[in-house]
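First the structure, in the form of structure tokens, and then the observations on it.
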Amino acid sequence: MVQSLGLFSSTAIVVGSMIGSGIFLVDAEIGRTTDSPALFLGAWVITAIMTMICALSYGELAAMMPKAGGQYVYLRESLGPLCGFLYGWTLFLVIQTGTIAAIAVGFGKFLGVFFPGISSTHWLWHIAHVPPVHLGPMVLGNMEIGVSTANLVGIAVVFLLAFVNIFGVLLGSLIQNVFTTAKGISLAALIVLGFTIGRNDTAWMANFGSGLSAFWRNAGWSSLHPVQVGAGGPTVLVNLLIVLAVVQVGSLFSADAWNNITFTAGEVKNPKRNIPLSLVLGTGFVLTAFLLASVAYLLVLPLHGDPNGTTVLARGIQYAAEDRVGTATLEQIFGSAGASLMAGAILVSTFGCANGMTMAGARVYYAMSQDGLFFKAVGKLHPKYKTPIAGLIVQAIWTAVLCISGSYGQLLDYIIFAVLLFYILTIVGLFVLRVKKPNEPRPYKALGYPVLPALYIVMAGWICVVLLRYKPQYTWPGLIIVLLGIPVYLFWSRRSAGQIQSENNR
């Protein structure tokens, strides 16, 4: 692979992959669950602390092993090839492809603001409706299979970005740089508008009040918060430690994908310096922006709202139409024109995010193929452009299947637990490698080791325990998807061993 990505391009991949549409949507659910301005922001503070610790820890692994595949390589080298494969398997099956599918179809839906004919309900070929199937605390199915104008646009975006990224990492990074700069400016504009002309007395008194009395509402140790256990299960009252763990499903996932730069390590100039630095700069910028954007929402809209409210202020953050808090914020400032402004910003944001994830994901499958754990063709580079062309094509095809199946949203709900689990395992791998390879050159060492990495394991472990107890619909299906990779690993590893034996016999 050609090392052509500098520090700016590397940071743009981090920033561009993190900023999708989540920050404009998930705050509604966080607001409904916490029902407290202090805990609403507290959720983002926890996300920022955990993500920053994780990124700082990954910096050591990235500088130590600057190879294509990133996290897959770290898990393989620290905990063994099975663990590495299970991550790559889950990444291909759901994490990367499912996220790209959701982002691309989201692009189509928001394009419908400008072209009403583009809609998820405007079917060109409706194949079937899969009815909901209840399995204990989980609900499977309940999705539409077919091609609508919205997911057709999404599929077109998927193949366009796969095609563009074939022609060298420089072209892909140029697109990433342009769109990341544009989305960074858009998010900064939203924050500035919220802190200046959007700020109003109604929101201030509702969320902060005199002497910040309203800010700390429902945030005490004795405060209890209703949480539904599973899908359609009973509602129980929980304390702030549990409710803050529950809402991380939204905030942590919105701030995810920062690790995508590690997948492209084989194409980064001076990777031992630029990858750790891009991780720190990129995550630092995005996490600060996300926290400030949530503060801006509180300055413009009341947190508490009425689901039957007839105005943007009446619905508040909790019940913003279709959970589009970013859109509601700009509508409050600019009126009906705000919806178009936010739709334009999200189009830029989602396109750039999909490009970054498309570019990065194919490098993991390339590394897996090099280890004999994926299709052999995926391990080959384009003879001229030195890009994993087969990996890009296979990724695009499976992403398109997810777009048509309508299952990507449900799969992403299921996989958040697995994503968190692999982060924990990778940080555990950091400790393992300190013991297994104590003399290995480490151009950068994890800040605060061993305290901060251990703190991350404890915090992420607590969230996993809470999700297993209170949100089983998000945990067990994800775990099953991961475990299904074990027989697949045995198949690929035996197949690879057989091919090596056959070649040796020749």
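When a residue number appears, it is its place in the shown sequence, counting from 1.
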| Between Y365 and V394, does a side chain to side chain contact (heavy atoms under 4.5 Å, CB included) hold up when you go through it step by step? | CA-CA 9 Å; Y365 322 137; V394 168; over 6 Å; no
Exactly one candidate in I13, V15, I261 meets side-chain contact (heavy atoms from CB on, under 4.5 Å) with S278; the answer is I261
Distance col, row D27:CG vs D323:CG, nearest 0.5 angstrom, shows 10.0 Å
So CG of N259 and CD of Q71: to nearest 0.5 Å the spacing works out to 5.0 Å
Quiz item: Would L161 and V157 count as a side chain to side chain contact (heavy atoms under 4.5 Å, CB included) if you check the C-alpha gap in whole Å, the side-chain angles of each, and the deciding distance to 0.1 Å?
Solution: CA-CA 6 Å; L161 291 176; V157 168; 3.8 Å; yes
Exercise. Does any non-hydrogen side-chain atom of V113 lie less than 4.5 Å from one of M342?
Worked result: no
**OP:** Indicate yes or no for a side-chain donor-acceptor contact from K183 to the backbone of G16 under 3.5 Å, with no hydrogens or angles considered.
**Re:** yes
Side-chain donor or acceptor of R315 paired with backbone N/O of D306 under 3.5 Å: no
Step through the shown structure and confirm whether more than 12 heavy atoms of other residues, nucleotides or ligands are within 6.0 Å of CZ on F114. yes
Query raised in the report: T329 and Q332: side-chain donor and acceptor closer than 3.5 Å?
Result: no
side-chain contact (heavy atoms from CB on, under 4.5 Å) test vs Y297 passes for just one of L303, L190, I191, namely L190
Rounding to 0.5 Å, atoms OG1 (T47) and CG (L287) come to a distance of 8.0 Å
CD1 (I155) and CG (L402) are apart, to the nearest 0.5 Å, by 10.0 Å
Review point. Side chains of Y72 and L91: closer than 4.5 Å at any heavy-atom pair?
Key: no
(request) Would you please test V249 and I463 for side chain to side chain contact (heavy atoms under 4.5 Å, CB included) and show each step? (result) CA-CA 9 Å; V249 168; I463 292 171; over 6 Å; no
ring-ring contact (aromatic ring centres under 6.0 Å, His included) filter on Y87, not counting sequence neighbours, yields F422
In this structure, OG of S251 is separated from CG of D256 (nearest 0.5 Å) by 11.0 Å
inquiry  = Under a 3.5 Å distance rule, please check whether N218 uses its side chain to pair with a backbone N or O of D35 as donor and acceptor.
reply    = yes
Is it true that the side chains of S36 and T34 contain a donor and an acceptor less than 3.5 Å apart?
-> no
message = With a 6.0 Å cut-off (strictly less than), is the heavy-atom count around CH2 of W216, excluding the residue itself, greater than 12?
response = no
Quiz item: Is there side-chain contact between T11 and F285, with heavy atoms separated by less than 4.5 Å?
Solution: no
Margin query: Using side-chain heavy atoms (C-beta onward) and a distance below 4.5 Å, is I19 in contact with F290?
Written below: yes
Between L244 and L39, the two heavy atoms sitting closest are CD2-O, 3.6 Å
F195 CZ: over 12 foreign heavy atoms closer than 6.0 Å:
yes
Taken in chain and number order and not counting sequence neighbours, the residues that satisfy ring-ring contact (aromatic ring centres under 6.0 Å, His included) with F208 are W204, F215
Between the CD1 atom in I427 and the SG atom in C54, the distance rounded to the nearest 0.5 Å is 4.0 Å
Report task. Classify the angle between the aromatic ring planes of W398 and F92 as parallel (below 30°), tilted (30 to 60°) or perpendicular (above 60°). Result -> parallel
For M18 and A257 the tightest heavy-atom approach is CG-C, 4.4 Å
Taking every heavy atom of L252 against every heavy atom of T51, the minimum-distance pair comes out as CD2-OG1, 4.0 Å
* Run the numbers on W44 and S294 for side-chain hydrogen bond (donor to acceptor under 3.5 Å, both in side chains), then give the verdict. => CA-CA 8 Å; W44 286 105; S294 295; 3.1 Å; yes
inquiry  = So N207 and L299, do their side chains get closer than 4.5 Å, heavy atoms only?
reply    = no
Pair W476, L468 - check side chain to side chain contact (heavy atoms under 4.5 Å, CB included), show working. CA-CA 8 Å; W476 294 109; L468 281 167; 3.8 Å; yes
Does some side-chain heavy atom of F24 sit less than 4.5 Å from a side-chain heavy atom of I346?
yes
query = When you look at NE2 of H225, are more than 12 heavy atoms from neighbouring residues, nucleotides or ligands closer to it than 6.0 Å?
reply = yes
So, W89 side chain and I481 main chain: donor-acceptor pair closer than 3.5 Å or not? yes
Is there a donor-acceptor contact under 3.5 Å from the side chain of T235 to the main chain of Q228? no
I'd like to know whether E29 forms a side-chain hydrogen bond (donor to acceptor under 3.5 Å, both in side chains) with T33, so could you lay out the CA-CA distance, the side-chain angles of the two residues, the decisive distance to 0.1 Å, and finally the verdict.
CA-CA 6 Å; E29 179 63 26; T33 306; 3.2 Å; yes
How about Q395 and T358: does a side-chain donor come under 3.5 Å of a side-chain acceptor? no
Exercise for the section: Taking Q176 for its side chain and S9 for its backbone only, find out whether a donor-acceptor pair lies under 3.5 Å. Expected result: no
Is there side-chain contact between F417 and C464, with heavy atoms separated by less than 4.5 Å?
-> yes
